Amino acid sequence: MKLIVLGSGTCVPSLKRNAPGYYLEGGGKRLIVDCGSGTLLQLLKAGKSYKDIDALFITHTHPDHVSGLVPFIHALAATPGYERTRDISIIGPDGIKQFYERCVSSVIRKPRSFSINLSEIDEKMDIGNLNVFAVKTVHSDNSIAFRFEEEGKSVVMTGDCDFDEELIKFSLGADLLVIDCSYPDKLKVPGHLDSTECGLIAERAGVKKILLSHIYPSPYPDHIRLTECRAVFGGDVLLAEDLMEFAI
Ligand SMILES: [Zn+2]
Ligand SMILES: [Zn+2]
């Protein structure tokens with residue numbers, strides 16, 4: 001699998017960190033995981049085309065994770081001289097269909113040449129040769145994390161989350177854990193993880209590498225998050241930057 005960070009930030013506007021979004025290639029498919037504002041442009045910066053995307057996976061419907069959906073679908077439907085004939089899938093938690101009807105369909109016209117297949121993921125589904133698993137996270141009513149597996153390799157993407165045992169079980173042995181590290185320890189707020197909690201989850205789950213993402217601006221320097229996480233986790237710790245690439 002190949003992963004590109006499109007947005008390592010949050011709802012807070014930043015010139016350094018775009019709103020949440022990731023590009024994931026695997027199992028013969030090209031996916032977007034979360035689609036915050038600016039995802040379409042970040043994809044272009046990453047040298048990838050929105051026309052090639054097969055499916056969008058959404059962790060939850062907070063605006064920083066979904067507000068790029070309208071421009072994304074609109075671009076697929078309305079780019080001059082381009083007629084998409086392949087359907088596209090949008091996969092998310094309970095309520096994603098209702099969210100789409102209310103917040104996306106209501107403002108853009110229905111594409112004429114392709115369909116949008118919406119599905120609410122239960123615990124597991126396959127897309128191409130990729131196995132996808134989901135688990136509820138402690139954050140909002142419908143927030144979930146995803147685990148993508150191909151040929152024995154795995155990446156877990158938590159979306160927004162707080163500390164819980166289910167997430168540790170879900171992340172067991174992952175090659176890469178992309179995790180909500182909203183704050184350094186001193187600024188912890190409920191519903192998000194701080195850097196030590198990220199490290200504890202990674203350590204107990206025995207993951208190989210952790211990528212701290214969903215970075216809120218903070219008065220503390222970036223390296224504080226790394227230091228706090230490394231104090232409790234012995235594996236590789238990286239702080240996400242936009243357009244970082246990983247081979248998994
Ligand atoms: Zn968020
Ligand atoms: Zn959220």
Side-chain angles (χ1 to χ4, degrees), residues 3-24 31-43 56-72 90-100 102-104 120-121 134-148 155-164 166-167 170-171 176-185 187-195 197-198 201-202 210-218 220 222 225 229 238-244:
L3 176 80
I4 304 176
V5 178
L6 300 175
S8 57
T10 61
C11 64
V12 180
S14 160
L15 294 174
K16 190 177 168 199
R17 300 185 183 284
N18 201 77
Y22 302 87
Y23 170 85
L24 182 70
L31 317 175
I32 295 290
V33 183
D34 278 346
C35 191
S37 167
T39 295
L40 200 52
L41 191 60
Q42 291 297 98
L43 198 57
L56 297 117
F57 283 77
I58 301 296
T59 60
H60 65 304
T61 52
H62 281 165
D64 52 324
H65 297 255
V66 292
S67 52
L69 276 176
V70 168
F72 203 101
I90 299 179
I91 297 124
D94 288 350
I96 191 73
K97 291 182 183 177
Q98 194 185 29
F99 168 82
Y100 189 88
R102 271 195 204 152
C103 300
V104 183
E120 294 172 352
I121 187 169
V135 73
K136 178 77 188 77
T137 60
V138 177
H139 176 67
S140 67
D141 285 350
N142 67 350
S143 58
I144 55 174
F146 293 114
R147 180 177 178 122
F148 299 90
V155 54
V156 171
M157 307 179 75
T158 68
D160 292 0
C161 63
D162 206 335
F163 193 90
D164 86 300
E166 290 306 310
L167 187 60
F170 187 71
S171 306
L176 177 64
L177 172 62
V178 183
I179 196 163
D180 169 354
C181 185
S182 284
Y183 303 103
D185 295 356
L187 301 177
K188 161 81 182 174
V189 298
H192 290 286
L193 293 167
D194 64 36
S195 356
E197 290 171 327
C198 289
I201 289 171
I210 187 172
L211 179 67
L212 308 177
S213 196
H214 202 267
I215 307 294
Y216 273 98
S218 116
Y220 298 95
D222 281 356
R225 282 181 170 86
C229 185
L238 292 164
L239 190 71
E241 304 287 347
D242 290 7
L243 306 181
M244 254 184 180

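In each ligand, atom 1 is the first atom listed, and ligand 1 is the first ligand listed. We count residues from 1, following the sequence as given. Only this structure's heavy atoms are used, side chains among them; waters, hydrogens and symmetry mates stay out. Predicted, not measured: the structure shown is a model, and the values here were computed from it.
- By the salt bridge (charged side-chain N to carboxylate O under 4.0 Å, His left out) test, D185 is found to be paired with no residue, residues two or more places apart in sequence or in another chain being considered.
- Note on ring orientation: taking the six-membered ring where Trp is involved, the planes of Y216 and H214 are perpendicular (angle over 60°, cut-offs 30° and 60°).
- Checked against the 6.0 Å centroid criterion, the rings of F57 and Y22 do not qualify as a close aromatic pair.
- Less than 2.8 Å away from the Zn ion (ligand 1), the protein contributes these N/O/S atoms: D64 OD2, H65 NE2, D160 OD2, H214 NE2.
- Considering just the N/O/S atoms of H139, the one nearest the Zn ion (ligand 2) carries the name NE2.
- Contact between L193 and C198 at its shortest, heavy atoms only, is CB-SG, 3.8 Å.
- Using cut-offs of 30° and 60° for the angle between ring planes, the H65 and H60 rings count as tilted.
- For the residue pair S8 and D242, a side-chain donor N or O sits within less than 3.5 Å of a side-chain acceptor on the partner.
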